[in-house]
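Please read the structure below before turning to the comments.
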Amino acid sequence: MYIGLGIVLIVIGAILAFALNVDIPGVGDDTLGYILMIAGLLAIVLSFAFRGRRPGAVTTTRESHVDPATGTRVDRTDIDPR
């Protein structure tokens with residue numbers, strides 16, 4: 001989800017660091033560009049790190065067989081919340 005945000009931050013940071021020469025009082029434009037590129041890279045890395053950890057995700061195991069003594073079907077369902 002944050003991959004797009006990371007790419008946008010990297011692009012804006014690269015434009016500020018390498019293409020534009022803007023006079024921002026108190027902050028160098030190169031420094032701000034590098035900070036934005038690092039933030040974009042961090043957003044991409046964190047989106048991959050937390051990709052599999054979604055709330056509400058469960059693992060379900062279903063098993064079905066016929067009881068030989070009675071001839072009835074026995075169903076078992078295990079739900080493992082992550």
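What you see is a predicted model, and the numbers here were worked out from it, not measured in a lab.
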For the [atom1] atom of [X] and the [atom2] atom of [Y], what is their distance to the nearest 0.5 Å?
{"X": "F48", "Y": "I3", "atom1": "CZ", "atom2": "CD1", "value": "4.0 Å"}
{"X": "I35", "Y": "L9", "atom1": "CD1", "atom2": "CG", "value": "12.0 Å"}
{"X": "R73", "Y": "D67", "atom1": "CZ", "atom2": "CG", "value": "12.5 Å"}
{"X": "T31", "Y": "L16", "atom1": "OG1", "atom2": "CG", "value": "10.5 Å"}
{"X": "I38", "Y": "L42", "atom1": "CD1", "atom2": "CG", "value": "9.5 Å"}
{"X": "I12", "Y": "L20", "atom1": "CD1", "atom2": "CG", "value": "11.0 Å"}

Could you give me the CA-CA distance, side-chain angles and deciding distance for T72 and V66, then say whether side-chain contact (heavy atoms from CB on, under 4.5 Å) is met?
CA-CA 6 Å; T72 60; V66 176; over 6 Å; no
What are the two closest non-hydrogen atoms of A43 and G6, and how far apart are they?
CB-CA, 4.0 Å
Taking the side chain as C-beta and beyond, is there a heavy-atom pair between I44 and L5 under 4.5 Å?
no
Indicate yes or no: at least one non-hydrogen side-chain atom of F18 is less than 4.5 angstrom from one of D30.
no
Is it true that V11 and L41 fall in one hydrophobic cluster, defined by side-chain heavy atoms closer than 4.5 Å?
no
So, S64 versus D75: side-chain donor-acceptor pair below 3.5 Å or not?
yes
